[in-house]
Amino acid sequence: MRKICDPLPDDAPALLEAAAAVLRTNDRGEFTKPSARLYPHQWNWDSAFIAMGWAHLDWERAVREVASLLRGQWTDGMLPHIRYDRAALGWYAPGPELWPGGHARDADELTSGISQPPVLPTAVYRVGMAHPDRDRRHAWWAEVFDGLLACLRYFCDHRTVEGCPLIVVVHPWESGHDNSPRWDFAVEVGVRPQRPYQRIDNTIIAAAERPTNRDYDLYIFLAELISSADYALPRYLSKTPFAVYDAQFNAIWYRSAQDLNRIAAALGRPEPFSAEVLAAFAHAFRDRHWDAQRRTFLDYDLVGRRPIPVETCASLMPIFAGLVGADEALDLLARYRARSTGCRVLPVVLPDQRGFEAGRYSRGPVWIHTNWMVIQGLASLGCDAEAARLAGETLDLVRQAGYVECYHAASGVTCGPHEFSWSAALVIDLLRGSAS
Ligand code: 9WN
């Protein structure tokens, strides 16, 4: 198995030790908080990333992280973006009251009513591969297989329209890049929620680094709309200003579908996603997301029926998914780098784009998970030198500012909370994991 960082940097032991300390600080036993104060519950794609870090420290702890996340799954397979910890209710807003009438399989579970990018099947594949004993790995994969399949199938069965296999994302929180300028078109509609709401996040983190109140008006308005539609896409679609094909989300689904096929093959089961299904998805992805004039992948606004003309890291996620070959991947990345001059890499939004803000959350800073996905994609495509280069630049950010949520695009200084779990977990994976 090829390692990404080979040879390891001299300070790898110190980086690993500090990363392990972050995970231990945020460990709630069965799940890991994304950060101690700002995010006190269990988040969907956070836990997927975090499990990959635990896999190298305490493999059975990674197994518990995944089991805990799957406990929040809904009857239709949807894996919610937040699984609330009863002990922490009131510490984060919005709480479960924003999501009335949810459909969790276990009625005692408190969850949100939307999902997040489905990284989990990829994470489970990588966690499994980190275990040296094939029987233990296979036994675990067999245990979680149905839950993972249901979580991917949910999107095919409940989140597609007009015969197109791409997935409709219904909320900026679902994209995981909440206040990205990609979604400004919906914020600019200026909707107001029905009920008053209170924010807690901007009392913990500087308001200048967080989404604005206008962003939150949209988030709460959409959540009200989604629950009043009983979480059903057709009813929601007729009323919403926000329904998108997100290039990042679709790319992650595609990679996870392939990784679940690999798990199935290892277990001697039929592959759940046939070559025809994957080919149709890849074809639709190219058709809907590729912008031939700009030579990049864009998101698509289903309400306005137009591509969203904002260039961000989402355009690089086809690298993670293997939706492009090695040459196209290197070309996409080279052009992204060329337009990021003066920035640490990779700024989550290109600095020449309208709405770019170097220090505000999903509007500019560098994020470890974004870099990790591009690095993994490059490694999967055999672009080892470029993967190692980006991994080195990512480690430099950590050396400068520690394991924080994100890094100011120009200076690399801390944005968001310190001791952020997935930043730590993914650096552990970069240093200890292999290309897959
Ligand atoms: C809302 C936990 C989550 C991440 C998201 C990130 C942020 C929440 C928030 O934090 O979102 O889900 O309150 O800002 O955008 O990607 O999963 O780390």
Side-chain angles (χ1 to χ4, degrees), residues 22-23 26 28 31-51 53 65 69 72 79-85 88 90-96 98-99 111-120 123 169-183 187 197-213 215-220 222-223 226 246 248-249 252 312-314 317 348-349 360-373 403-407 415-426:
V22 170
L23 291 190
N26 293 336
R28 293 275 298 128
F31 78 91
T32 314
K33 293 181 286 186
S35 77
R37 283 187 66 213
L38 186 62
Y39 306 122
H41 304 290
Q42 181 168 27
W43 262 260
N44 179 332
W45 70 336
D46 294 68
S47 271
F49 291 129
I50 289 164
E65 187 81 26
L69 184 61
L79 200 58
H81 98 293
I82 301 177
R83 181 172 170 264
Y84 290 97
D85 178 3
W91 299 358
Y92 173 84
L98 187 65
W99 312 102
T111 73
S112 68
I114 52 171
S115 194
Q116 252 186 342
V119 182
L120 189 65
V169 165
V170 296
H171 197 294
W173 284 333
E174 199 162 64
S175 77
H177 286 285
D178 312 346
N179 66 339
S180 173
R182 298 187 270 160
W183 317 142
V187 176
Y197 65 92
Q198 195 119 45
R199 293 180 65 174
I200 299 178
D201 61 306
N202 55 6
T203 65
I204 299 174
I205 296 294
E209 292 172 15
R210 290 286 300 170
T212 63
N213 288 340
D215 294 323
Y216 263 77
D217 280 352
L218 175 70
Y219 303 159
I220 307 296
L222 292 177
I226 290 164
D246 169 356
Q248 167 165 288
F249 198 107
I252 288 173
T312 72
C313 264
M317 291 306 140
V348 79
V349 175
R360 196 191 286 272
Y361 210 51
S362 292
R363 300 181 77 82
V366 180
W367 291 69
I368 300 278
H369 69 317
T370 310
N371 282 12
W372 180 89
M373 287 189 277
Y403 293 109
V404 301
E405 185 175 25
C406 50
Y407 302 80
C415 296
H418 295 251
E419 306 206 306
F420 189 68
S421 297
W422 84 38
S423 299
L426 293 177

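Basis for what follows: all heavy atoms, side chains included, without hydrogens, waters or symmetry-related copies. When a ligand or atom number is given, it counts from 1 through the structure's own listing order.
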Please report the C-alpha distance between R363 and V348 in whole Å, then the side-chain angles of each, then the deciding distance to 0.1 Å, and finally whether the side-chain contact (heavy atoms from CB on, under 4.5 Å) criterion is met. CA-CA 7 Å; R363 300 181 77 82; V348 79; over 6 Å; no
Sorted by chain and residue number, the side chain to side chain donor-acceptor pair (under 3.5 Å) partners of N213 (sequence neighbours excluded) come out as R199
Heavy-atom distance under 4.5 Å between the side chains of Y407 and W367, does that happen here?
no
Applying ring-ring contact (aromatic ring centres under 6.0 Å, His included) to F31 and not counting sequence neighbours gives none
(Q) Would you say the ring centers of H369 and W45 fall short of 6.0 Å from each other? (A) yes
The salt bridge (charged side-chain N to carboxylate O under 4.0 Å, His left out) partners of E174 (sequence neighbours excluded) come to R159
Pairwise, report which nitrogen or oxygen atoms of ligand 1 are under 3.5 angstrom from protein nitrogen or oxygen atoms, and how far apart they are.
{"unit_1": "ligand 1", "atom_1": "10 (O)", "unit_2": "Y39", "atom_2": "OH", "d": "3.4"}
{"unit_1": "ligand 1", "atom_1": "11 (O)", "unit_2": "D178", "atom_2": "OD2", "d": "3.0"}
{"unit_1": "ligand 1", "atom_1": "11 (O)", "unit_2": "Y361", "atom_2": "OH", "d": "3.4"}
{"unit_1": "ligand 1", "atom_1": "12 (O)", "unit_2": "W43", "atom_2": "NE1", "d": "3.0"}
{"unit_1": "ligand 1", "atom_1": "12 (O)", "unit_2": "H81", "atom_2": "NE2", "d": "3.1"}
{"unit_1": "ligand 1", "atom_1": "13 (O)", "unit_2": "Y92", "atom_2": "OH", "d": "2.6"}
{"unit_1": "ligand 1", "atom_1": "13 (O)", "unit_2": "R210", "atom_2": "NH2", "d": "3.4"}
{"unit_1": "ligand 1", "atom_1": "14 (O)", "unit_2": "D178", "atom_2": "OD2", "d": "3.4"}
{"unit_1": "ligand 1", "atom_1": "14 (O)", "unit_2": "R210", "atom_2": "NH1", "d": "3.2"}
{"unit_1": "ligand 1", "atom_1": "14 (O)", "unit_2": "R210", "atom_2": "NH2", "d": "2.9"}
{"unit_1": "ligand 1", "atom_1": "14 (O)", "unit_2": "Y361", "atom_2": "OH", "d": "2.7"}
{"unit_1": "ligand 1", "atom_1": "15 (O)", "unit_2": "G176", "atom_2": "O", "d": "3.3"}
{"unit_1": "ligand 1", "atom_1": "15 (O)", "unit_2": "D178", "atom_2": "OD1", "d": "3.1"}
{"unit_1": "ligand 1", "atom_1": "15 (O)", "unit_2": "D178", "atom_2": "OD2", "d": "2.9"}
{"unit_1": "ligand 1", "atom_1": "15 (O)", "unit_2": "Y361", "atom_2": "OH", "d": "3.0"}
{"unit_1": "ligand 1", "atom_1": "16 (O)", "unit_2": "W45", "atom_2": "NE1", "d": "3.1"}
{"unit_1": "ligand 1", "atom_1": "16 (O)", "unit_2": "G176", "atom_2": "O", "d": "2.9"}
{"unit_1": "ligand 1", "atom_1": "17 (O)", "unit_2": "W45", "atom_2": "NE1", "d": "3.1"}
{"unit_1": "ligand 1", "atom_1": "17 (O)", "unit_2": "D46", "atom_2": "OD1", "d": "2.5"}
{"unit_1": "ligand 1", "atom_1": "17 (O)", "unit_2": "Q116", "atom_2": "NE2", "d": "2.9"}
{"unit_1": "ligand 1", "atom_1": "18 (O)", "unit_2": "D46", "atom_2": "OD2", "d": "2.7"}

